[in-house]
Amino acid sequence: MPSITEAKKLANLYKVPFATFYLSNPPEKKTKAYTDRRTYNDTVYRETSYELWSEIGRITGNRQIIVNLSDDTEYRSLPSVDPKLSEKQIADVIRMYFELDLPFKNKSAYRNNGFNYYRALLEHYGIMVAQITGVSLSEMRGISMYYDTFPIIAINNKDFERAKVFSLFHEVAHLVRRSSSLCLIDFDERNDEEEKICDRIAAEVLMPEESFRYVSSNALNLYGEWSDLCLISIADKYAVSTFSVVRRLRELDIINRSDYYSIYKRISDSFKEEQDSIIQNKKDREFKVKYYITYLSKEGYLFPKKVLSAYSRGDISYGEMCSTLSIKGKHISNIERAVMFI
């Protein structure tokens, strides 16, 4: 029988959980809780990496923990939509359920961080929102797994903050359609129909057609052209990326195909230059983020909140709480203050 250290080395070599080496029998292969939609013409084009498989296991394991520690009646189930409803009608159902009132008056309404704002909102309604780490964006951007209680959304943490907002609601669309999915969210025309439907629903949820036409028209009148400043002013009203704005402009035929490709290339080039500069500045500053912030960014707020609540009720001991959260006791107070209002 290998020691724990030896088992971990073997696990890393064979890309399996180290606990596998202590099982009397090989683990049973379970049916996936999602459909892999990273497809071209309905053909899955890559295997799931060990890193992604491990992260999905971590997140589903956390969900099982809070299911065991929580009262199932605490949250409402997500609405289930009639397949006959139009994409606009489904988007209306989603906005009504989450009580979304768009556009925002200004960036301070979402504290200048759309992803954290929407993430907190979804977790308030009982949806686990975690971030996947150590996985390339070329492998996945989002995943959704529907359960009657504590459904899961996980977003790739390597993506940009405003891009994550669209991914969030793409996955919300999957959840309300009960089509749990692993997604690239790359807007490729060869994607399957379910992906295209959820793209359109997410766009309508975040940028409702009527208000978007009004806001974009006002912005064009103010700036006189679809300049970067014009697009940013629209994006700020909805806490989305300028890429999402341009795609929405084209989707609603506000701009033609030629303008779409021209604008898209321009902002892509500008964005790359800007990001290269940001990455270099981060390296130069050597800024260290506090541990509890990094922890909550990865695990979300709902999971630690439920574990902390179980401890406060006396259901688990202090040691069990720290062990379940996989953190040292010195970080508990900061995490508790951060999650108490979710």
Would a line drawn from the ring center of H331 to the ring center of Y291 be shorter than 6.0 Å? yes
Donor-acceptor list for residues 154-169 side chains, cut-off 3.5 Å, not counting sequence neighbours:
unit_1: N156; atom_1: OD1; unit_2: K158; atom_2: N; d: 3.0
unit_1: N156; atom_1: ND2; unit_2: V135; atom_2: O; d: 3.0
unit_1: N156; atom_1: ND2; unit_2: S136; atom_2: O; d: 3.3
unit_1: N156; atom_1: ND2; unit_2: M140; atom_2: O; d: 3.0
unit_1: D159; atom_1: OD2; unit_2: R141; atom_2: NE; d: 2.9
unit_1: E161; atom_1: OE2; unit_2: K164; atom_2: NZ; d: 2.8
unit_1: R162; atom_1: NH1; unit_2: D236; atom_2: OD1; d: 3.4
unit_1: R162; atom_1: NH1; unit_2: V240; atom_2: O; d: 2.7
unit_1: R162; atom_1: NH2; unit_2: Y110; atom_2: OH; d: 3.3
unit_1: R162; atom_1: NH2; unit_2: D236; atom_2: OD1; d: 2.9
unit_1: K164; atom_1: NZ; unit_2: Q131; atom_2: OE1; d: 2.8
unit_1: S167; atom_1: OG; unit_2: A163; atom_2: O; d: 3.4

| request: For Y147 and S180, test the side chains for any donor-to-acceptor distance below 3.5 angstrom and give the result as yes or no. | output: no
For R213, the salt bridge (Lys or Arg N to Asp or Glu O under 4.0 Å) test, sequence neighbours excluded, returns E209
Student check: side-chain heavy atoms of I234 and K237 closer than 4.5 Å:
no
Output for pair (M145 CE, L175 CG), nearest 0.5 Å, gives 9.5 Å
Notebook entry, point to check: Would you say the side chains of N106 and S108 form a donor-acceptor pair under 3.5 Å?
Noted result: yes
Heavy atoms, side chains only, cut-off 4.5 Å: are V307 and L69 in contact?
-> yes
Residues at least two apart in sequence or cross-chain that pass side chain to side chain donor-acceptor pair (under 3.5 Å) with N334, listed by chain then number, are R337
query = Is there a side-chain contact between E51 and S54, using heavy atoms and a 4.5 Å cut-off?
reply = no
Query raised in the report: Does the S211 side chain pair with the main chain of P208, one donor and one acceptor, at a distance under 3.5 Å?
Result: yes
For residues 315-329, the side chain to side chain donor-acceptor pair (under 3.5 Å) pairs (sequence neighbours left out) are R313-D315, S317-E320
Could you pull out all donor-acceptor pairs under 3.5 Å where a side-chain atom in residues 78-99 meets a protein atom, sequence neighbours excluded?
unit_1: D82; atom_1: OD1; unit_2: K84; atom_2: N; d: 2.8
unit_1: S86; atom_1: OG; unit_2: Q89; atom_2: N; d: 3.1
unit_1: S86; atom_1: OG; unit_2: Q89; atom_2: OE1; d: 3.3
unit_1: E87; atom_1: OE1; unit_2: R200; atom_2: NE; d: 2.9
unit_1: E87; atom_1: OE2; unit_2: R200; atom_2: NE; d: 3.1
unit_1: E87; atom_1: OE2; unit_2: R200; atom_2: NH2; d: 3.0
unit_1: Q89; atom_1: OE1; unit_2: S86; atom_2: N; d: 2.8
unit_1: D92; atom_1: OD1; unit_2: R95; atom_2: NH2; d: 2.5
unit_1: R95; atom_1: NH1; unit_2: E204; atom_2: O; d: 2.7

Q | Pairing of D253 and R250 as salt bridge, 4.0 angstrom limit | A | yes
Side chain to side chain donor-acceptor pair (under 3.5 Å) filter on E299, not counting sequence neighbours, yields R58, N62
Exercise for the section: Evaluate the side-chain proximity of F212 to V245: yes if any heavy-atom separation is below 4.5 Å, no if none is. Expected result: yes
So OG of S216 and CG of N221: to nearest 0.5 Å the spacing works out to 9.5 Å
Taken in chain and number order and not counting sequence neighbours, the residues that satisfy ring-ring contact (aromatic ring centres under 6.0 Å, His included) with H124 are none
Contacts of D101 meeting salt bridge (Lys or Arg N to Asp or Glu O under 4.0 Å) (sequence neighbours excluded), chain-then-number -> none
- Does the pair S241 and S244 meet the rule for a side chain to side chain donor-acceptor pair (under 3.5 Å), with working shown? CA-CA 5 Å; S241 68; S244 293; 3.2 Å; yes
Across all chains, not counting sequence neighbours, the salt bridge (Lys or Arg N to Asp or Glu O under 4.0 Å) partners of K105 are none
Is any side-chain heavy atom of S49 closer than 4.5 Å to one of E139? yes
Q: Assess the side chains of S297 and T294: does a donor N or O sit below 3.5 Å from an acceptor N or O?
A: no
(message) Do E194 and D199 have side chains that approach each other closer than 4.5 Å (heavy atoms only, starting at C-beta)?
(response) no
request  = Run the ring-centre check on Y117 versus F104 and record whether the distance is less than 6.0 Å.
outcome  = yes
Going by chain and number, the hydrophobic cluster around L229 (ILVMFWY, side chain to side chain under 4.5 Å) further includes L222, Y223
Practice prompt. State, yes or no, whether a side-chain contact exists between Y238 and V215 at a heavy-atom distance under 4.5 Å.
Written response: yes
S77 vs T149 side-chain heavy atoms within contact, under 4.5 Å: no
Applying salt bridge (Lys or Arg N to Asp or Glu O under 4.0 Å) to R111 and not counting sequence neighbours gives none
Y260 meets the ring-ring contact (aromatic ring centres under 6.0 Å, His included) criterion, sequence neighbours left out, with Y264
